[in-house]
Structure formats: structure tokens, C-alpha cells
Trainee: 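I have a structure I would like to understand better, so I am pasting it below and will then ask my questions one at a time.
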Protein chains: 2
Amino acid sequence: MNTPSSLEALIEALRCLPGVGPKSAQRMAYHLLQRDKPGALRLAHSLGSAVENLRHCAKCNSFSEEEVCVLCSSGKRDDSLLCVVEMPADLLMMEQTQCYRGMYFVLMGRLSPLDGVVARDLPLDRLIRRAQEQSCEVILATNFTVEGEATAHYLATLLRAQGIKVSRIARGLPVGGELEHVDSGTLAQAVLERREVRE
Amino acid sequence: MNTPSSLEALIEALRCLPGVGPKSAQRMAYHLLQRDKPGALRLAHSLGSAVENLRHCAKCNSFSEEEVCVLCSSGKRDDSLLCVVEMPADLLMMEQTQCYRGMYFVLMGRLSPLDGVVARDLPLDRLIRRAQEQSCEVILATNFTVEGEATAHYLATLLRAQGIKVSRIARGLPVGGELEHVDSGTLAQAVLERREVRE
Ligand SMILES: [Zn+2]
Ligand SMILES: [Zn+2]
């Protein structure tokens, strides 16, 4: 075929992006080469720099450029509360409510057997250790989707078996709703109305 | 906010991809950093390499790693025919029909006033020069979309004014159809049934 190898390689490489099939990858490659070479170079550089510089915070497990992230090392947070969220974007949403001043633990995922994500794929040992060190209340703020709920249920059982107090943010969110897409007020209310997980 | 700067930079840089908004960019960044760092590095490298190595073929205007691409420099093609297509993917489709052995000219776009693409944004001077040098028949194989048809009409007028013989591939394609999505047989038929553009 008449496709230069570096173009073929680029189209193939773009397919590592989630939701990008062969046709979109081709369209993206043409667009970058034809209309936005500076953008392509900026993207190349950002990818390299992000892979090189980002790690998981030793405390909250979110992405961080330092061993311990800015939030975890601030010293101004209430360490009697540990809020568990699925993704870094959920942590940002919590912060935007400005009603929560505790610590976080980011699962970087959720239990999702259909996608092959089971308990051992999540950093649950680290979560338990962190909750025990801090001897705090754990607030489960996973999404109110089927997977998020299953994850919350699983975590509640696991943490309570260790004698850790566990609560779940209130179902102020619509069923099937995701933290990322809810307004700050609703989310703030859900945090205030959290209830202890007992059974 | 609690987003490390290299993560923010990556999310921002991903938005140079067509059709990628802030939420998709975030999802892509998380996915790469969490699940596919090798893919991210491969993409970074491919972007750099494609931008560095690819240029437009001096003859057909398609992407090429050489001054003149493999197809244009093959010496085995019929240079009494010059087929004009919108994009490199369309050239590949034409080649797959195995019924066309002439040369190509790739517009790298189409007239599309609504997207701000007007005649001077397409390499029409080069197309005319090329058609005159080769003193050939120009076969217009732009898509049968509104933009593709308008482009064909514009090119026909322009080229015929220079005394160049112009034909249009037959409307064997469904109205609104794109070359990329048609089967080889239909496209081959459309080439065979091309008709000269007279008025
Ligand atoms: Zn942290
Ligand atoms: Zn060429």
C-alpha cells in the first residue's frame, strides 16, 4: 500500500486511546499532520512528561508529581475522615463542594467483574492500612452506579471486619448518577447526610 | 486545585485531537497513565516521528516520507490519467479497486464554506500545473456529498477553462456516500462509467 510507515505507525499508536477505532485514528492523524503539527508536538511532549513525572501519591493514591501529594501533605486537613472515591476527577468534585476537609483515598477504579476488574485489582490492602494508621471514619463516595454501589458494599464489609467505622454518602444523587456530573450543592448535601454502614 | 501540572498539561494537549472534549481528554489521560504507559510512550514517539518525517509528495500531494512518493515515482503508472481525490484514505480505496493505474492528486480537503474552507485553502494552482505538465485527462473522484460535489463542479470549471479534459466518476455511489465506505466493486464500476464534464 501507499501509506508511509510513520503515518501507519501514528494511526496504530492513536488506537491506544480509549474509544478510538481505526477510522477515528486515521481522521485524528490526518488532522494533526494537516492542520495542527504544533498540537501534535505538544501532545507528544506532554505524554512523555506525564509518564515520566506522574506517580501515585503514597497516601491518597491519586496522581502526583511528588511522593506525597500537595493535599495529603498540607497539614491543614482533618485526618479523622478518609473519603474513598473511584477516580481523581471525583476527588476534584468533592473539593469543589468546599464542605469536606478530610483526607482521601482514590481507588483508581471500581469493582467491575464484566470488565474483568475484581477486588485484587484495586489497592485495598493500602486502603485498609491507611484507615488503620489514621484510625478514622471511612466515607465511601463511590458512584451510585451498579459498579460503584457493589464496590461500596464490598468495601464496607471489608473495612467493618477490621473494626473501622464506615459511612456512605447519602443517596442524594440520582440513581445511576456519577459524581462527576452532579452539581456541588447536591454533592455537599450527600456528604452531610452520610449514614454509617451497619449491616 | 489538586491536579499535578503534568497531568493538566496532558489533558489540555489531548484536546488538539478532533472530537475530543474536556471529559474525553480526562478519561484518555487517566486510561493511559493508569493502564497503558507503554502505549502513551509509543504514541509520543509516533507523533514526533510522523511530524518530523512526513511531508506532502511534490507530485500527488499525499503524505510521503520522500520528496516524491512511492506511487508517483514507480514509473509503471499511466500518466495520461490524473485522479483527484479528497484525502489519502480515498487514494487507498481507489488502489484497492485495482482497476485504476493512473496518477493521483490529493486535495487534502474539499470546498466547505461552512467550515471556512474556500478555494484558496486547497492547492489548486499545483493541481492545474500538474494537469498541464502531464497533459492528461483529470478524473474527479471527490465524494458524492454536498461538499464533494461542489468541489468537483468548481474544479471542472477551473480545469476546463485551461483546456484540460475533465471527467467525473459515475454516480454509482449512493447519494451522500463517501468513497471510504463503499465496496470496491461499486467504486470500480464508477470509475469505468466516468463521464466527461462538458458544460
Ligand atoms: Zn495524596
Ligand atoms: Zn505522490
Side-chain angles (χ1 to χ4, degrees), chain A residues 1-7 9-20 23-24 26-54 60 62-66 69-71 87-89 91-92 95-96 104 108-109 180, chain B residues 1-7 9-20 23-24 26-54 60 62-66 69-71 87-89 91-92 95-96 104 108-109 180:
Chain A
M1 297 307 291
N2 198 41
T3 306
S5 61
S6 53
L7 178 56
L10 174 57
I11 293 171
E12 184 53 39
L14 282 163
R15 297 199 49 199
C16 74
L17 299 171
V20 175
K23 289 283 172 197
S24 324
Q26 194 183 57
R27 201 177 62 241
M28 286 173 167
Y30 289 168
H31 172 85
L32 291 176
L33 292 167
Q34 182 70 5
R35 312 225 179 270
D36 196 7
K37 285 189 180 182
L41 293 176
R42 208 160 49 233
L43 177 54
H45 177 263
S46 306
L47 285 162
S49 158
V51 168
E52 189 180 351
N53 295 323
L54 291 172
C60 71
S62 192
F63 293 118
S64 170
E65 279 163 5
E66 295 84 31
C69 79
V70 181
L71 190 151
M87 297 299 290
L91 186 160
L92 295 181
E95 286 298 286
Q96 276 177 31
Y104 289 97
M108 292 286 177
E180 244 189 286
Chain B
M1 298 308 290
N2 198 42
T3 305
S5 61
S6 52
L7 178 57
L10 175 56
I11 293 172
E12 184 53 39
L14 281 163
R15 297 200 49 199
C16 74
L17 299 171
V20 175
K23 290 284 173 196
S24 324
Q26 194 182 57
R27 201 177 64 242
M28 286 174 168
Y30 289 168
H31 171 85
L32 291 176
L33 292 167
Q34 182 71 5
R35 312 226 179 269
D36 196 8
K37 285 189 180 180
L41 293 176
R42 208 161 47 234
L43 178 54
H45 177 263
S46 307
L47 285 162
S49 159
V51 168
E52 189 179 348
N53 296 322
L54 291 173
C60 72
S62 191
F63 293 119
S64 169
E65 279 163 5
E66 295 84 30
C69 79
V70 181
L71 190 150
M87 297 299 290
L91 186 159
L92 296 180
E95 286 297 285
Q96 276 176 32
Y104 288 98
M108 291 288 177
E180 246 189 285

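Sequence lines set the chain letters: A, B, ... in the order given, protein chains first and strands last, and positions in each chain run from 1. Both backbone and side-chain heavy atoms feed into the values below; hydrogens, waters and symmetry mates do not.
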Trainee: Between chain B and each of A:S64, A:A29, A:A89, A:A9, count heavy-atom pairs under 4.5 Å; write down the option with the most.
Mentor: A:A89
Trainee: Looking at A:L10, A:L14, A:D36, which makes the most heavy-atom pairs under 4.5 Å with chain B?
Mentor: A:L10
Trainee: Could you check which of B:R27, B:Q26, B:R15 has the highest count of heavy-atom pairs closer than 4.5 Å to chain A?
Mentor: B:Q26
Trainee: Between B:R35 and chain A, which part of the residue has a heavy atom less than 4.5 Å away: side chain, backbone, both or neither?
Mentor: side chain
Trainee: Which bit of B:L32 comes within less than 4.5 Å of chain A, counting heavy atoms only: side chain, backbone, both or neither?
Mentor: side chain
Trainee: Test B:C60 against B:C69 for side chain to side chain contact (heavy atoms under 4.5 Å, CB included), laying out the working first.
Mentor: CA-CA 8 Å; B:C60 72; B:C69 79; 3.8 Å; yes
Trainee: Sort B:E65 into side chain, backbone, both or neither according to what part of it lies under 4.5 angstrom from a heavy atom of chain A.
Mentor: both
Trainee: Pick whichever of B:E66, B:M87, B:H45, B:K23 has the most heavy-atom pairs under 4.5 Å with chain A.
Mentor: B:K23
Trainee: Sort out for me which of B:I11, B:L41, B:N53 touches chain A most, counting heavy-atom pairs under 4.5 Å.
Mentor: B:L41
Trainee: Under a 4.5 Å heavy-atom cut-off, does chain A meet the side chain of B:S5, its backbone, both or neither?
Mentor: both
Trainee: Any idea which of A:K37, A:E52, A:E12 has the most non-hydrogen atom pairs under 4.5 angstrom with chain B?
Mentor: A:K37
Trainee: Does the pair A:L91 and A:L71 meet the rule for a side chain to side chain contact (heavy atoms under 4.5 Å, CB included), with working shown?
Mentor: CA-CA 11 Å; A:L91 186 160; A:L71 190 151; 4.2 Å; yes
Trainee: Please name the pair of heavy atoms, one in A:Q34 and one in B:F63, separated by the smallest distance, quoted to 0.1 Å.
Mentor: OE1-CZ, 4.0 Å
Trainee: Look at B:G48, B:S49, B:P88 and state which one has the largest set of heavy-atom pairs under 4.5 Å with chain A.
Mentor: B:P88
Trainee: Does B:L17 form a side chain to side chain contact (heavy atoms under 4.5 Å, CB included) with A:V20? I'd like the steps, not just the answer.
Mentor: CA-CA 11 Å; B:L17 299 171; A:V20 175; over 6 Å; no
Trainee: Based on non-hydrogen pairs under 4.5 Å, which of B:S6, B:G109, B:A44 is most in contact with chain A?
Mentor: B:S6
Trainee: Is it the case that over 12 heavy atoms from other parts of the model lie below 6.0 angstrom from the NE2 atom of A:H31?
Mentor: yes
Trainee: Between the main-chain N or O of B:R42 and the side-chain N or O of B:S46, is there a donor-acceptor pair closer than 3.5 Å?
Mentor: yes
Trainee: With chain B as the partner, which of A:G39, A:P18, A:A40 has the greatest number of non-hydrogen pairs under 4.5 Å?
Mentor: A:P18
Trainee: Specify the closest pair of heavy atoms between A:A13 and B:L43, including all atoms of both residues, with the distance to one decimal.
Mentor: CB-CA, 3.8 Å
